[in-house]
Number of protein chains: 2
Amino acid sequence: MPLQNCIECMISFNDRNGLTTEVSKVSKRVRQEDIAKELGLSINSVSLALKNSKRINEETRQRVHQVAKELNYIPNSIARSLVEKKSKIIGFILPKITNPVQIETAQLIERKLMANGYNMMLMTTDSDRDYESFALDILVSRQVDGIFLFPTNKQNQDKIRSIRNAHIPMVLLSGGNYEPASDSVYMNQFKGAYKAASHLAQLGHRQIAFIHGGPANMEKYTGYQAALKDNGIEFDEELVITVDNYSYEQGYLSAAKLFSKGGVTALFASSDYLALGALRWCREQGMRVPEDMAIVGFDDLEAAQYAEIPLTSVTYKVEELTTLAVELLYRLITEEEQAKSKPIRIEIEPTLQIRSSCGYKSKNRQ
Amino acid sequence: MPLQNCIECMISFNDRNGLTTEVSKVSKRVRQEDIAKELGLSINSVSLALKNSKRINEETRQRVHQVAKELNYIPNSIARSLVEKKSKIIGFILPKITNPVQIETAQLIERKLMANGYNMMLMTTDSDRDYESFALDILVSRQVDGIFLFPTNKQNQDKIRSIRNAHIPMVLLSGGNYEPASDSVYMNQFKGAYKAASHLAQLGHRQIAFIHGGPANMEKYTGYQAALKDNGIEFDEELVITVDNYSYEQGYLSAAKLFSKGGVTALFASSDYLALGALRWCREQGMRVPEDMAIVGFDDLEAAQYAEIPLTSVTYKVEELTTLAVELLYRLITEEEQAKSKPIRIEIEPTLQIRSSCGYKSKNRQ
DNA sequence: TTGTACGCGTTATCAC
DNA sequence: GTGATAACGCGTACAA
């Protein structure tokens with residue numbers, strides 16, 4: 001689909017399908033007018049009665065509710081949104097729905113929003129700059145009351161800034177060691193990666209490989225590099241592999257490339273799936289983990305904990321993050337919090353969950 | 001939140017928050033009227049120009065587009081939806097976002113929808129009857145153009161039927177050996193479970209345990225029972241455990257309960273995660289898989305393939321299913337397909353992907 | 001307590 | 001080709 005000029009594409013969409021002219025056979029939905037006619041009241045009275053206004057007679061109120069139920073009246077949110085200038089929809093944009101942590105974040109946020117009458121519109125970007133931009137336009141067009149965005153690296157910074165300037169509440173769920181373009185609540189991936197790589201370095205490893213998912217993982221990449229530097233290890237580009245999705249398979253294939261040459265003694269993977277795929281390769285090749293190869297993952301999925309060799313992984317409290325994120329968005333929606341020149345920035349610091357796969361004998365070792 | 005009388009809850013929502021009276025500091029979005037004023041045209045001409053009507057002068061058309069871009073005009077989908085009686089939103093209801101196969105289904109469907117100008121509203125039910133009913137009401141209220149629903153067992157059959165009667169396009173993504181309440185495209189879970197349990201029975205196992213996730217897994221349950229019966233094995237309730245989510249942990253705990261007594265030689269789990277959790281328990285207890293315990297899972301996740309002992313699992317083509325489901329929904333939307341008295345029913349038959357965990361020496365054994 | 005009139009932003013039907 | 005005018009369904013002043 002044409003991502004260029006996406007607004008134009010949205011504008012002219014109707015020309016492309018022939019649906020408009022078709023006779024709608026949809027049985028008319030019942031409106032307030034219908035129940036007004038039924039009772040010989042005005043639409044207004046019905047409207048007031050339905051929202052239990054005290055300015056309406058208790059008896060008529062009950063009769064209206066009665067008839068509404070009988071006719072199976074369901075309010076038209078679209079019409080309501082138009083007049084109230086609130087859609088009660090929150091947009092949620094994330095790169096890929098297959099990222100378990102991001103989708104868990106979405107789930108928790110959806111639950112919290114639902115409790116306040118909001119619903120969630122979900123869009124994916126595949127980490128693509130144009131898709132991300134397009135998704136933002138769509139959500140603005142749909143008059144969402146707020147947006148959660150897992151931005152991919154520093155894409156669309158200008159657009160994000162302009163949305164913020166338009167006072168559309170938006171909370172970024174990713175960020176790093178740079179000035180964010182909008183208010184944000186996120187786990188510091190830089191620090192997480194730094195901790196992981198440092199840990200491996202301090203266990204004595206000098207050749208630490210790194211697998212990452214491209215632009216979406218830039219912060220992890222820089223964290224990895226910083227850790228090497230601080231531990232006096234020279235960065236070697238040969239030890240880094242970029243993959244295009246976080247799968248066991250990609251981890252498996254990357255391990256084959258990275259480890260066959262020999263020399264490498266440790267791996268830091270930007271996702272647990274990648275780490276577990278690599279783990280599988282090691283097992284097949286008769287490599288012992290952690291003795292021959294130390295492995296650290298990222299996200300601390302349940303799969304990491306239950307792996308053959310329980311996986312050391314970078315972790316953080318998703319529940320805590322989502323709570324903060326929703327709170328911040330509500331503050332922005334109610335404008336308790338004005339859009340200040342400097343975006344609010346709430347950071348969660350990740351920790352390293354140490355298990356067997358890195359070879360460190362912790363007291364809590366599993 | 002009050003799930004009873006959900007419509008009333010929706011109706012009276014505004015009373016509960018105090019936002020309505022607050023002064024909106026949102027800088028006014030630009031409307032067609034603004035660009036009309038700017039050019040000394042009528043709103044109508046602007047509207048026509050924006051959608052590239054041939055009934056408008058080419059020069060003015062261009063001027064309108066020009067100004068629209070300058071003012072950063074973004075169309076208001078809410079207003080458009082109101083008059084067109086089409087929201088271009090598709091609702092998607094699923095029990096839990098943490099089910100990888102269901103969420104992959106959602107992802108694939110979202111992509112296909114997006115290519116046609118639709119967006120997706122996502123809701124979760126937690127397999128709860130009232131939540132499911134509530135979600136349906138919300139989506140109807142929001143005037144969605146169609147609904148995908150992973151129904152939980154036979155909940156809300158009447159509501160589903162009434163939505164169908166109201167000619168709101170809806171495709172069910174789950175079903176079984178019973179007359180579905182609406183048009184549906186789904187993988188036959190009964191057959192999948194039947195194949196899995198039969199396979200174990202035919203390998204000689206007589207005590208086959210079963211872990212399932214409650215009402216959402218009824219079809220698998222009956223498939224399991226049917227397989228036992230057809231293989232002359234008496235059903236033993238003691239060998240069945242119900243869990244409330246598909247996690248490694250639940251599988252691990254269930255294995256502890258089921259296997260400690262002894263006697264059981266095989267396990268069929270209604271989800272790969274459960275199976276892998278059980279696998280972990282076996283390893284810790286020194287039980288060999290498949291020699292001491294044969295295990296079969298469901299869904300054929302990547303984790304199953306890459307497990308320590310690659311897991312035999314029930315599988316099907318999600319891509320194929322989503323393609324059929326989207327096609328069917330479009331047919332219903334364009335009313336090529338009238339809502340007939342008898343719902344359309346498209347079934348995908350799952351297959352058993354045999355790997356090492358069940359002990360069967362297939363030629364393709366991994 | 002209830003009804004009337006108007007507005008929300010857009011599209012569609014007519015005139016001109 | 002272009003511009004009034006009337007919808008769409010609901011909320012809210014303001015009258016009655």
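Bear in mind that the values here come from a model prediction, so they are computed numbers and not experimental data.
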Which value, rounded to the nearest 0.5 Å, describes the distance between R129(A) atom CZ and K154(A) atom NZ?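 Those atoms lie 13.5 Å apart.
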Options [options], nucleotide nearest the side-chain atoms of [X]:
X	options	answer
V83(A)	dG7(C), dA13(D), dC8(D)	dG7(C)
R31(A)	dC10(D), dT11(C), dT12(D)	dC10(D)
S47(B)	dG9(D), dG3(D), dT11(C)	dT11(C)
L41(A)	dT2(C), dT11(C), dG9(D)	dT2(C)

On DNA chain D, does the nearest nucleotide to I56(B) precede the nearest nucleotide to V30(A) from the 5' side, or the other way round? Give the residue.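 That would be I56(B).
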Could you pick out which residue, L82(B) or S45(B), lies toward the 5' side of DNA chain D when each is mapped onto its nearest nucleotide?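 Nearer the 5' end of the strand: S45(B).
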Under 3.5 Å donor-acceptor pair, N57(A) side-chain atoms to dT2(C) base atoms: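 For N57(A), whose side chain was compared with the base of dT2(C), there is no donor-acceptor pair (under 3.5 Å).
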Is a donor-acceptor contact shorter than 3.5 angstrom present between the side chain of R55(B) and the base of dT2(D)?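 Such a pair exists between side chain and base.
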Integer-rounded Å distance: [N] [atom2] and [X] [atom1]:
X	N	atom1	atom2	answer
I43(B)	dC14(C)	CD1	P	20 Å
L48(A)	dC10(D)	CG	P	13 Å
R63(B)	dG1(D)	CZ	P	15 Å
K51(A)	dC10(D)	NZ	C1'	8 Å
E84(B)	dA6(D)	CD	P	21 Å

Just checking, is any N or O donor in the side chain of Y73(B) or R31(B) under 3.5 Å from an acceptor N or O on the other one?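 No.
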Short side-chain donor-acceptor distance under 3.5 Å, S141(A) and S77(B):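 Yes, a side-chain donor-acceptor pair sits under 3.5 Å.
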A cation-pi test, strictly: NZ or CZ of R142(A) under 6.0 Å from the centre of the six-membered ring of Y118(B) and no more than 45 degrees from its axis. Yes or no?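 Because its charged atom misses either the 6.0 Å distance or the 45° angle limit, R142(A) does not stack over Y118(B).
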Could you say whether A79(B) or T60(A) is positioned toward the 5' end of DNA chain C, judged by the nucleotide with the nearest heavy atom to each?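 The residue mapped nearer the 5' terminus is T60(A).
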With sugar-phosphate meaning primed atoms plus P, OP1 and OP2, does N76(B) contact a base, only sugar-phosphate, or nothing at under 4.0 Å between heavy atoms?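 The residue N76(B) makes sugar-phosphate contact but no base contact.
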Using OP1 and OP2 only, check whether a side-chain N or O of K85(B) sits under 4.0 Å from dG9(D).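 Yes.
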Using only side-chain N and O atoms of Y73(B), determine if any of them is under 4.0 Å from OP1 or OP2 of dT10(C).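 Yes, within the criterion.
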Quick check: does any side chain N or O of S162(A) sit under 3.5 Å from a backbone N or O of K159(A), one acting as donor and the other as acceptor?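 Side chain of S162(A) to backbone of K159(A), a donor-acceptor pair under 3.5 Å: yes, one is there.
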